[in-house]
Protein chains: 2
Amino acid sequence: MTNVDIPRDKPARPGSSRATISDVARLAGVSLKTASRVLTNSPNVKDSTRTKVLDAATALRFRPNAIARDLRNGGVATTIGFVIGDLTNPFYALVAAGISQTASDRGLTLVMAASDDDPQRERPTVTSMLERRVQALLLVPIAEDHAYLEGERQLGTPIIAVDRPLSHAASDVVVFDNRTGARDGTRALIDAGHRRIAFVGSSESLYTHGERARGYRDALGGAGIPIDESIVRTDAPSVETAAQSTLQLLDSSEPPTAIFAGNNRAAIGVHRAIAARGTSTALVGFDDFDFAEALGISVVAHSPVDMGRVAANLAFRRLDEMTGPLENIVLSTSVTLRRSHLLAP
Amino acid sequence: MTNVDIPRDKPARPGSSRATISDVARLAGVSLKTASRVLTNSPNVKDSTRTKVLDAATALRFRPNAIARDLRNGGVATTIGFVIGDLTNPFYALVAAGISQTASDRGLTLVMAASDDDPQRERPTVTSMLERRVQALLLVPIAEDHAYLEGERQLGTPIIAVDRPLSHAASDVVVFDNRTGARDGTRALIDAGHRRIAFVGSSESLYTHGERARGYRDALGGAGIPIDESIVRTDAPSVETAAQSTLQLLDSSEPPTAIFAGNNRAAIGVHRAIAARGTSTALVGFDDFDFAEALGISVVAHSPVDMGRVAANLAFRRLDEMTGPLENIVLSTSVTLRRSHLLAP
DNA sequence: ATGAAAGCGCTAACAC
DNA sequence: GTGTTAGCGCTTTCAT
């Protein structure tokens with residue numbers, strides 16, 4: 001093993017010219033370690049030395065390089081990852097807000113990536129986060145098979161499924177009580193005297209909508225109302241399709257007197273269709289947003305921001321002690337009554 | 001200079017047990033560099049070697065450490081930063097969506113942090129991003145003085161102000177044409193026959209609302225309508241305050257027949273107040289969202305997602321060549337007419 | 001109270 | 001086609 005003396009001149013790179021800690025040390029006339037001590041607020045530094053270093057740092061506009069620090073400190077970033085389908089959906093944006101708040105309380109920064117609702121893109125997106133060494137990974141699952149995630153958890157990265165569970169894989173989960181919420185919302189329509197109540201939402205193969213359709217059925221069954229599958233429309237993932245399905249419902253020979261809408265987009269579509277036809281069809285939606293309040297629509301309400309907070313806190317608990325059984329947190333919902341469910345049957 | 005032989009045993013750390021590239025190399029029976037070559041898809045590797053390395057990587061569930069890679073590659077992260085006031089506001093969430101899309105096209109991940117609309121928290125938040133060595137920093141400025149940012153730009157980090165310019169500092173900027181938009185929106189009310197038109201919005205000291213109030217005045221002046229300052233309400237930053245101010249307007253001895261609302265929150269508040277009083281006051285808002293469409297409110301529309309995309313692309317242009325004068329991109333708006341501006345004067 | 005040197009995981013010269 | 005070695009910027013034993 002040979003040992004070669006190498007000239008230590010560090011030619012200032014012309015491109016990215018940020019000062020390093022050794023630049024600071026040199027200017028302050030102290031050793032690298034002393035500069036480091038000052039900048040990390042370690043004790044055992046003479047006050048005069050401290051001042052010298054701090055001045056030098058300011059003069060050079062020194063910003064510690066978090067990449068280097070994180071690498072040194074175990075190669076783990078001081079970040080938390082959130083993989084989302086579509087940031088354009090206000091629901092997910094609110095979840096992100098909750099995560100962001102909680103993360104910053106813990107000194108972590110939020111790293112976000114969208115899979116654009118493409119199941120194929122989820123895995124590469126997740127992988128990229130893992131390579132960034134986020135401390136924990138929260139995701140709104142969308143891929144068909146999440147078996148690939150199990151290993152990652154065993155490798156030490158907490159993985160939290162948000163809004164729905166993983167498919168074909170276990171993990172910590174935070175979801176709303178969709179079924180109970182939908183049951184209670186539907187019941188509000190029943191209590192207002194409605195008997196012919198339609199459901200408009202997405203495919204039941206989507207976890208949330210499956211649960212909500214189940215809750216809708218629970219309510220009807222509980223009231224002894226037979227379920228007419230012809231007015232259970234699970235073909236309405238968007239505003240437009242919801243409006244379309246609703247128009248068909250309203251134009252049928254035996255139109256419903258009330259409609260339960262599976263999510264915010266469905267509620268908008270349903271409302272638009274009802275307005276277009278001018279019928280006095282009652283409506284209860286799932287998800288509470290500005291427009292629901294503005295329009296006086298009764299809804300099953302919940303707090304997406306809280307969901308984000310709870311998910312982030314669960315991740316932090318895992319970080320603090322990796323042990324214990326997987327958690328499955330179910331957040332409750334509440335029915336917010338306005339006017340729309342009261343329209344005469 | 002002494003040279004000491006150090007035992008190279010790498011005791012498996014019990015906590016975070018992720019394989020490194022040298023673990024992969026060892027298992028594959030090749031040198032570190034060869035493993036690196038394979039994993040970075042460099043040429044000049046025998047196929048059989050490649051396979052061996054790849055197999056070892058899979059077996060060990062190897063994930064390259066982006067922190068180490070980024071440090072090696074100049075100490076700059078493959079991320080772009082976005083500092084936002086409040087992720088809860090759908091407007092900013094949409095801007096973030098645009099940035100996220102554009103960033104991922106370039107292989108960058110979005111790092112986000114919210115200052116919670118606290119001017120004091122902007123700087124620490126920005127500093128944290130800078131320490132993370134984001135390639136570029138986009139921010140919705142909120143602090144009172146951004147002089148501190150000038151130096152950063154000179155240090156090589158492109159800084160783009162989004163939605164409003166910096167105070168006391170120059171930078172690249174992307175904004176909407178608030179003034180023209182507000183003028184055109186107000187003009188729609190004038191064209192519908194209104195002469196007594198109120199303004200409800202935030203303080204004019206906020207850039208966007210200042211511009212919008214100016215546009216409102218432009219329209220009135222252009223039509224020869226004298227401006228009655230008593231119906232220019234710039235004290236309505238929230239839904240509640242907007243509703244409050246509108247109620248006062250409607251209850252006055254000489255109520256306006258039409259109102260121009262300075263943003264989405266103001267429009268909701270105004271609409272709510274009008275509904276509460278049951279008057280047929282006309283309304284045009286700024287910002288187009290679900291609720292405006294659902295309620296048939298005419299608005300000055302724009303695309304927050306595009307704003308995000310344009311801002312991110314501007315940042316990338318700066319990254320590719322740092323030179324050239326600062327840009328000030330003004331995105332145009334359009335008036336979307338629905339029903340609410342037509343209510344009889 | 002301060003300093004010298006090793007090393008986090010990776011890639012890029014520069015051999016061979 | 002493959003290996004050796006230095007070093008990105010930082011923190012941390014271990015000396016002094």
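Convention: sequence-line order gives letters A, B, ...; per-chain numbering from 1.
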Phosphate OP1/OP2 of [N] contacted by [X] side-chain N/O (<4.0 Å):
X	N	result
B/S31	D/dT2	no
A/S36	D/dT11	yes
B/T20	C/dG9	no
B/N44	D/dG1	yes
A/T40	D/dC10	no

Length of the [atom1]-[atom2] vector between [X] and [N], whole Å:
X	N	atom1	atom2	value
B/R26	D/dT4	CZ	P	14 Å
A/R72	C/dA6	CZ	C1'	8 Å
B/L71	C/dA12	CG	P	13 Å
A/D70	D/dT11	CG	P	10 Å
B/D23	C/dC8	CG	P	11 Å
A/K46	C/dG3	NZ	P	10 Å
B/I21	C/dC10	CD1	C1'	6 Å
B/L32	C/dA12	CG	P	13 Å

Report task. Taking atom CD of B/E327 as the centre, report whether more than 12 heavy atoms of other residues, nucleotides or ligands fall under 6.0 Å from it. Result -> yes

Query raised in the report: Taking B/V45 as the fixed residue, which of B/V30, B/V53, B/V38 is the one that meets the side chain to side chain contact (heavy atoms under 4.5 Å, CB included) rule?
Result: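 Answer to the side chain to side chain contact (heavy atoms under 4.5 Å, CB included) test with B/V45 among B/V30, B/V53, B/V38: B/V38.
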
Query raised in the report: So which of B/I99, B/L139, B/L137 actually passes side chain to side chain contact (heavy atoms under 4.5 Å, CB included) with B/F82?
Result: B/I99

**Report entry** Rounded (10°) bend between the five-pair end axes of the helix from C/dA1-D/dT16 to C/dC16-D/dG1
**Finding:**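 Here the local axes at opposite ends form an angle of 40°.
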
Do the side-chain N and O atoms of [X] and [Y] include a donor-acceptor pair separated by under 3.5 angstrom?
X	Y	value
A/S128	A/T125	no
B/T157	A/R18	yes
B/T34	B/S31	yes
B/T109	A/R132	yes
B/H146	B/E122	yes

Among [options], which nucleotide has an atom closest to any side-chain atom of [X]?
X	options	answer
B/R69	C/dG3, C/dT11, D/dG1	C/dT11
A/N65	C/dC10, C/dT2, D/dC10	D/dC10
A/N73	D/dC8, C/dA1, D/dT11	D/dT11

Does any donor-acceptor pair link the side chain of [X] with the base of [N] at a separation under 3.5 Å?
X	N	value
A/K33	C/dA5	no
B/R63	C/dG9	no
A/R37	C/dG3	yes

Requested in this report: Map B/T34 and A/A19 onto DNA chain D by nearest heavy atom, then report which one ends up closer to the 5' terminus.
Outcome: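 The residue mapped nearer the 5' terminus is B/T34.
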
Query raised in the report: Is A/I67 touching bases, backbone alone, or none of the nucleic acid, heavy atoms closer than 4.0 Å?
Result: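 Nothing, no nucleic acid heavy atom in range.
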
